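What follows is a single structure, written as structure tokens, with notes after it.
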There are 2 protein chains.
Amino acid sequence: MAPTIKDIANEAGVSISTVSLVLNQKGYVAPQTRSRIESVIQKLNYRPLHSARKLATQQTGNFGFIIWEGHFSEVELFYSQIFLGMEYAARHNDYYILLTTVREEFDPKTDLPRFLRYRDVDGVALAGRVPGALIDYLDNQHVPFVLVDYEVPGKNFNCIKIDNYNGAFQAVETLIKTGRKHIAFVGGSFFHPSVKERYRGYTEALDKHGLKHNRSEDYSYCENIETSRLIGEKGAMRLLENHPEIDAVFCCNDTTALGVISAVQRLKKRIPEDVAIFGFDDIPTAEFSSPKLSTIRVPKLEIGKEAYKLLYELIQNPRMAPQTRMIAVETILREST
Amino acid sequence: MAPTIKDIANEAGVSISTVSLVLNQKGYVAPQTRSRIESVIQKLNYRPLHSARKLATQQTGNFGFIIWEGHFSEVELFYSQIFLGMEYAARHNDYYILLTTVREEFDPKTDLPRFLRYRDVDGVALAGRVPGALIDYLDNQHVPFVLVDYEVPGKNFNCIKIDNYNGAFQAVETLIKTGRKHIAFVGGSFFHPSVKERYRGYTEALDKHGLKHNRSEDYSYCENIETSRLIGEKGAMRLLENHPEIDAVFCCNDTTALGVISAVQRLKKRIPEDVAIFGFDDIPTAEFSSPKLSTIRVPKLEIGKEAYKLLYELIQNPRMAPQTRMIAVETILREST
DNA sequence: AAAATATATTAAAACGGTTCGATAATTCAA
DNA sequence: TTGAATTATCGAACCGTTTTAATATATTTT
């Protein structure tokens with residue numbers, strides 16, 4: 001059997017209280033006692049039992065990570081990477097991250113994730129767009145939570161945001177600086193605040209450089225269909241057929257951009273000579289597409305790490321005022337521009 | 001505060017033992033007592049506290065899910081889907097799945113996942129190829145584990161296998177039946193038993209139909225480089241340049257096939273008229289590539305579910321003899337053949 | 001030198017469940 | 001009718017920690 005705190009206490013000739021104190025670095029323990037206990041711990045390879053510790057401290061030691069079922073599969077590895085970032089951060093700490101998905105038609109009565117029903121988490125990270133009913137539930141039940149890459153307009157929740165506006169602005173400005181005059185926008189639905197922000201970055205970059213004529217609705221294509229890739233293909237087809245003068249496309253994410261690439265290639269136009277293409281996210285595939293995709297790198301691991309940190313601080317200090325943390329992005333130039 | 005078992009007992013006018021009995025459906029409880037207790041539980045929305053229960057039963061209530069760091073990112077959503085399958089199965093039960101990755105250069109001394117170091121799991125699922133040192137560790141420490149989509153030659157471990165041989169055989173036979181005479185093979189390293197099996201299915205299908213001349217080494221390309229996609233591109237390039245007569249390529253997985261597709265398109269050959277392409281796995285992207293990819297569907301969710309079930313049985317009956325469960329695959333015909 | 005403070009250790013009471021064994025009431029078999 | 005078996009309930013021990021408050025000793029301050 002695995003040794004318990006009692007075994008350590010006996011072996012070291014002290015009470016279990018003292019062992020607990022060195023375990024948690026609390027109170028006063030004489031230096032030589034401490035080191036004696038520590039060496040016994042080493043020797044017996046002792047680890048405190050999670051459930052016992054959690055029972056005593058009245059914490060669960062878990063954070064939840066919730067994502068739309070569709071997102072987890074569709075948006076490639078974007079959210080998986082954010083999850084990994086959280087998991088990495090949690091490794092240096094005493095928390096486990098429980099990943100689960102919720103269905104598109106979410107009803108808190110029946111679809112509440114198990115770890116919420118059983119109160120098995122101390123807090124929750126919500127990745128990407130997430131059912132409003134879920135957010136309301138967490139808010140009402142006072143479960144600490146942070147929104148990751150999402151926000152609720154008009155509400156002041158804890159969130160980790162990506163600097164979508166500046167990323168888009170930089171991307172489009174880069175396109176303009178390389179001489180592109182007719183820059184189109186292709187993306188998903190404006191339901192997602194990130195898309196909105198990226199679109200805003202796009203338009204304001206155009207404005208700054210006096211390319212207002214790009215801003216007609218004709219130059220942008222937004223639709224909410226099954227997959228981002230399909231949006232890219234359909235969008236590129238329609239825009240390029242109606243407007244052969246288009247010489248660059250800024251895409252609202254990389255998956256969409258991959259769709260655009262394949263459509264442009266089918267139309268026998270050269271990339272980047274005839275049409276330059278810019279993505280957003282820097283998913284792993286972006287580096288291996290042909291041509292390799294220029295994009296705005298979103299540091300996904302760092303986002304996860306930041307989400308973890310915020311959640312952790314929230315647990316330590318439950319009355320902390322909600323805050324927003326903005327994660328900077330980086331321009332990555334490859335072959336598609 | 002959340003109600004405890006004591007609150008339920010008081011409210012129902014019984015002892016906590018009795019409440020515990022109905023909670024766990026054990027022993028004898030009079031029908032009317034049971035229903036009285038149940039309605040109190042309903043009314044107060046009581047849930048037993050995980051850590052308390054786990055402390056008492058001496059179980060952790062967790063299973064681990066371990067995967068190479070690279071795999072989780074590279075092989076698209078294959079393993080994420082298997083994870084999801086496990087998570088779905090666990091939902092109807094009392095287990096949580098803790099997902100973590102291990103580095104390529106794994107050393108049990110320093111890189112042991114936290115939940116193993118702290119003995120926080122009752123069992124572990126290992127997805128795909130996984131460090132031998134990790135398997136040895138689990139075996140020595142008698143941690144129940146199952147290999148998913150992997151096996152160790154010569155060792156009799158619990159595992160969930162995909163029917164790679166028959167899948168490959170079917171795929172190649174399908175190609176042959178549509179008149180293809182020169183069928184190439186492109187894939188990753190033979191380090192992975194699945195690749196070996198798929199190659200065996202490939203060769204035996206050729207043999208059965210008297211296409212032995214395909215079997216020269218010239219018709220297959222295997223390399224272990226960064227990404228499967230790149231393997232596909234390089235492989236297709238080399239094979240098609242040296243052997244213009246090749247009229248079909250069987251790929252060891254879908255990601256590789258996507259690489260092959262883009263190489264073939266770059267060589268200005270038509271798919272499937274000039275070259276038919278067959279994948280393996282049926283990753284989500286397969287349905288949205290152009291042309292859409294014909295492939296062998298591997299039921300990833302089901303694999304996860306089966307892994308969970310096997311692990312669960314293993315916990316119930318620790319002295320169960322190691323067993324292998326084979327998951328059947330399905331041919332999916334789309335546009336690339 | 002006495003009082004106050006800091007250091008060191010521990011016994012015992014939680015934390016919220018499960019389970020063993022005792023006890024009592026009821027049903028069954030001989 | 002009696003003894004055994006079954007049904008029903010509960011007290012108490014236990015699971016492995018943390019934490020509070022008490023006690024003892026050493027050190028500092030007045």
Side-chain angles (χ1 to χ4, degrees), chain A residues 1-38 40-41 44-62 94-96 117-122 315-316, chain B residues 1-38 40-41 44-62 94-96 117-122 315-316:
Chain A
M1 277 323 283
T4 72
I5 198 172
K6 213 181 246 171
D7 299 321
I8 306 301
N10 287 340
E11 183 83 11
V14 295
S15 74
I16 63 166
S17 320
T18 308
V19 177
S20 180
L21 289 180
V22 344
L23 243 32
N24 298 289
Q25 327 225 42
K26 284 185 177 171
Y28 298 106
V29 178
Q32 69 269 37
T33 312
R34 152 165 290 123
S35 65
R36 185 153 37 94
I37 292 176
E38 276 168 349
V40 173
I41 287 177
L44 301 192
N45 188 28
Y46 164 75
R47 308 288 178 186
L49 190 72
H50 204 241
S51 49
R53 174 172 258 180
K54 293 318 167 189
L55 174 59
T57 57
Q58 294 289 77
Q59 294 198 327
T60 70
N62 300 321
D94 204 23
Y95 271 92
Y96 290 116
R117 253 193 349 255
Y118 294 169
R119 296 195 179 74
D120 276 344
V121 291
D122 297 335
I315 303 306
Q316 309 301 316
Chain B
M1 278 321 282
T4 71
I5 197 172
K6 212 179 244 171
D7 299 322
I8 306 301
N10 287 340
E11 184 83 11
V14 295
S15 74
I16 62 167
S17 324
T18 308
V19 177
S20 179
L21 290 180
V22 344
L23 242 33
N24 299 288
Q25 327 225 41
K26 284 186 177 173
Y28 298 106
V29 177
Q32 69 268 37
T33 311
R34 151 165 291 125
S35 66
R36 183 154 36 95
I37 292 176
E38 276 168 348
V40 172
I41 288 178
L44 301 192
N45 189 27
Y46 164 75
R47 309 287 178 188
L49 190 71
H50 204 240
S51 48
R53 175 173 255 178
K54 293 319 167 189
L55 174 59
T57 58
Q58 293 289 77
Q59 294 198 327
T60 68
N62 300 322
D94 203 21
Y95 271 92
Y96 289 116
R117 257 198 338 261
Y118 294 170
R119 296 196 179 73
D120 276 344
V121 291
D122 297 334
I315 303 305
Q316 308 301 314

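Labels below follow one simple rule: chain letters A, B, ... track the order of the sequence lines, proteins then strands, and each chain is numbered from 1. From a predicted model like this one, the values you see are computed outputs, not experimental measurements.
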Report, one line per pair, each donor and acceptor closer than 3.5 Å where one atom sits in a side chain of residues 20-27 of chain B; sequence neighbours left out.
from, atom 1, to, atom 2, distance (Å)
B/Ser20, OG, B/Asn24, ND2, 3.4
B/Asn24, OD1, B/Arg53, NH2, 3.3
B/Asn24, ND2, B/Ser20, O, 2.9

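Looking only at atom types and distance, the side chain of A/Thr60 has no donor-acceptor partner in the side chain of A/Asp120 under 3.5 Å away. In summary, the side chains of B/Tyr46 and B/Asp7 do not present any donor paired with an acceptor at a separation below 3.5 Å, with no hydrogens or angles considered.
Atom-to-atom distance recorded for B/Arg117:CZ and A/Asn45:CG is 10.5 Å, nearest 0.5 angstrom.
Across the protein-nucleic acid pair, B/Tyr118 atom OH and D/dG16 atom P stand 18 Å apart, rounded to whole Å. In this structure, the CD atom of B/Gln32 is 12 Å from the C1' atom of D/dT9, given to the nearest Å. Spacing between atom NZ of A/Lys54 and atom C1' of D/dC15 amounts to 17 Å, rounded to whole angstrom units. Whole-Å rounding puts the B/Asp120 CG to D/dT17 P distance at 11 Å.
Between B/Ile8 and B/Ile37 the shortest side-chain heavy-atom distance falls below 4.5 Å.
The side chain of B/Tyr28 places an N or O atom within less than 4.0 Å of a non-bridging phosphate oxygen (OP1 or OP2) of D/dT7.
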*If a protein heavy atom is under 4.0 Å from the base, mark B; if only from the sugar-phosphate, S; if neither, -; do that for nucleotides 12-21 of chain C going 5' to 3'.*
B--BBBBB--
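The shortest non-hydrogen separation linking B/Asp94 to B/His50 is O-NE2, 4.1 Å.
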